[in-house]
Chemist: 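Mind looking over this structure? Questions follow.
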Amino acid sequence: MIEKHKAGIGDILIGDNKDVIVQSMTNTDTGNINSSLDQIVELAEAGCQIVRLTCRTVKEARNLKVIKELLSGKGIETPLVADIHFMPKVAEHAALYADKIRINPGNFVGKRKSKSSFSDEGILSQKNNIKQRLTSLVEICKRNSTSIRIGVNHGSLSERMMFAYGNTAKGMLESALEFIDIFRELKFHDLVISLKASHVPTMTEANRLIHKEFRHRGFAYPLHLGITEAGSGMEARVKSAAGIGSLLAENIGDTIRVSLTEDPVDEIPFAKKLIAKYAKRKILPMPRFTENITDSQELKLNYNNLDKDDLLISASVDFTRLHNIKAYKKLKVFHNGKEQDELAHTILQALGIKYSKAEFVACPSCGRTQFNIIEELKKVKEKTSHLKGLKIAVMGCIVNGIGEMAGADFGYVGAGKGKVNIYRGKLLIAKNINAEDAVDELVRLIRQCGHIQEKEN
Ligand code: SF4
């Protein structure tokens, strides 16, 4: 018998094995109460059930209280989540006002100070340090009925986890388990766990691992699913459908976010479609399609009379599920008898099977972003999509963006108001470029590094 925990977030209960909850995040400055309020209202009206806001300072933490009151005055009780990085003190303030706080185990504790920190004594002392910091947070959360999301990101595992497990799904699992164990010792169970990655197979593997680990240990906490830095347009939707949809079809996941580098409101209808189709709270039967008779690595998916999103979602999830079992390497998708080349190529690329265009990693942006990332990503894609095999990260801020570039060849990262830094790998190669000139500069630097000729040939 599994000890199954639920997390109360305002009036919403996550993990009750009934509904899967839709979440999103504002991309406004939490310091700007009015713009944040307007966006939360839009999200709530679109059907978003929980909204997260970045929370960088104690002042922003206090703004949550004001925003909650203003929302309540409009008859909107959508629970708010404070997104915390690096600042345990801010987490403690946010826990007074938010319904949930999200902490990232990769950056909740400080960086290692020396190699000796990886000795047994060093690791024990770091664990004690984490426990001490979480103890005071837990006291506040218990008093205020605030829940906590342990939000592990593949791109920001702690150096300690990287040292022990590498940049792997196992490292993500262990990072979450370390915090879960501490919270359990502190008798705090209002937890939601997320293991997110921009690489779809890593995200699905990590979530299957924790699902299995829960059964092995005899307890379970609700899981929040999402693909990070998925980017925009068809690529982002295919990645999210493949990752989130295939897990929901296995009855894994209690809440989801489809991250898009677009207006956050656009995330909601797509997330709802995924839930309507796959969140049936039982393991769905495997879909049946035909293999190519002469090439058993090729799968043919035939559909009729679906709208654009339904076709994209069905093909992405069906292929992902069947690929997991039979390791198909080739795909053809037909809709009403017509071949859908671009969709098939995008699915194969999302799963890392075959690359047919440049790969983009882009964060959905948040209050830390100080340039128009949605427009900039569009421009970067227009100028570089044809560079097959090149991976470009477009990230909203240098605080988290650099760590989460997922091994990109080039990084285009917000560095302050209207400014962009450009990276080759993790090496800074151009600093504080005006945002309006930065895409041209990126293209110039890609060319200078020989990538454009190499890739265009
Ligand atoms: S990388 Fe993007 S989403 Fe993450 S904190 Fe920075 S701006 Fe926000």
Side-chain angles (χ1 to χ4, degrees), residues 23-32 35-36 39-40 43 48 50-57 60-61 63-64 80-87 90-91 94 101-108 149 151-157 194-199 203 224 226-232 236 239-240 257-267 360-378 380 391-408 410-423 426 428 435 438:
Q23 307 197 23
S24 183
M25 183 169 180
T26 54
N27 60 10
T28 51
D29 177 355
T30 312
N32 185 331
S35 63
S36 300
Q39 197 168 66
I40 296 167
L43 282 165
C48 179
I50 297 176
V51 179
R52 182 160 49 115
L53 299 91
T54 192
C55 199
R56 293 168 291 181
T57 60
E60 288 188 357
N63 282 358
L64 297 180
L80 301 185
V81 182
D83 195 57
I84 311 286
H85 294 274
F86 300 105
M87 310 289 265
V90 176
I101 56 167
R102 178 268 170 135
I103 55 172
N104 178 347
N107 60 34
F108 190 70
R149 165 147 72 97
V152 175
N153 266 9
H154 182 228
S156 54
L157 293 180
S194 66
L195 304 172
K196 295 190 181 184
S198 61
H199 183 242
M203 175 273 196
H224 169 63
I227 299 289
T228 50
E229 291 96 30
S232 62
K239 284 181 192 172
S240 291
R257 178 189 181 195
V258 172
S259 307
L260 298 176
T261 312
E262 298 177 19
D263 185 332
V265 174
D266 294 345
E267 297 175 2
F360 296 96
V361 173
C363 80
S365 85
C366 71
R368 293 179 190 270
T369 313
Q370 298 188 52
F371 70 108
N372 190 338
I373 191 171
I374 297 172
E375 286 308 311
E376 298 295 307
L377 174 62
K378 264 190 213 154
V380 171
K391 187 168 181 180
I392 301 176
V394 178
M395 309 298 282
C397 75
I398 46 175
V399 183
N400 288 328
I402 302 161
E404 306 212 351
M405 291 196 301
F410 287 87
Y412 183 98
V413 185
K417 216 171 176 55
K419 301 284 183 191
V420 170
N421 284 355
I422 298 175
Y423 295 78
K426 292 207 169 170
L428 178 62

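Atoms within each ligand, like the ligands themselves, are counted from 1 in listed order.
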Chemist: Starting from atom 6 (Fe) of ligand 1, what is the nearest protein heavy atom, named by residue and atom, and what distance separates them?
Modeler: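 Its nearest protein heavy-atom neighbour is Cys397 SG, 2.3 Å.
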
Chemist: Give the residue and atom name of whichever protein heavy atom lies nearest to atom 7 (S) of ligand 1, and the separation in Å to one decimal.
Modeler: Thr369 OG1, 3.2 Å

Chemist: Please list, in number order, the atoms of ligand 1 under 4.0 Å from a heavy atom of Gly401.
Modeler: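 Those atoms are 1 (S).
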
Chemist: Taking side chain as C-beta onward, heavy atoms only, is Ile40 less than 4.5 Å from Thr28?
Modeler: no

Chemist: Under 3.5 Å, is there a donor-acceptor pair between the Ser232 and Glu262 side chains?
Modeler: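 No, no side-chain donor-acceptor contact under 3.5 Å.
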
Chemist: Name the closest protein heavy atom to atom 5 (S) of ligand 1, giving the residue it belongs to and the distance to 0.1 Å.
Modeler: Asn400 ND2, 3.2 Å

Chemist: Considering non-hydrogen atoms only, spot the tightest contact between Ile227 and Ser198 and give its length.
Modeler: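 The answer is CG2-O, 3.8 Å.
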
Chemist: For ligand 1, is Arg368 a contact, meaning one of its heavy atoms is under 4.0 Å away?
Modeler: yes

Chemist: Quick one about Ser24 and Glu267 (side-chain donor to acceptor, distance below 3.5 Å, no hydrogens or angles considered), yes or no?
Modeler: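 The answer is yes; a qualifying pair exists.
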
Chemist: With a cut-off of 4.0 Å, which atoms of ligand 1 are near a heavy atom of Gly396?
Modeler: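 Counting from 1, the qualifying ligand atoms are 2 (Fe), 7 (S).
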
Chemist: Just checking, any donor-acceptor pair under 3.5 angstrom between side chains of Thr54 and Thr30?
Modeler: no

Chemist: Under a 4.0 Å threshold between the charged nitrogen and the carboxylate oxygen, would Asp29 count as salt-bridged to Arg56?
Modeler: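 Salt bridge flag = yes for Asp29 with Arg56.
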
Chemist: Checking a contact table here: which protein heavy atom is nearest atom 3 (S) of ligand 1, and how many Å away?
Modeler: Cys363 SG, 3.8 Å

Chemist: Side chain, backbone, both or neither: which part of Cys366 comes within less than 4.0 Å of ligand 1 when only heavy atoms are counted?
Modeler: both

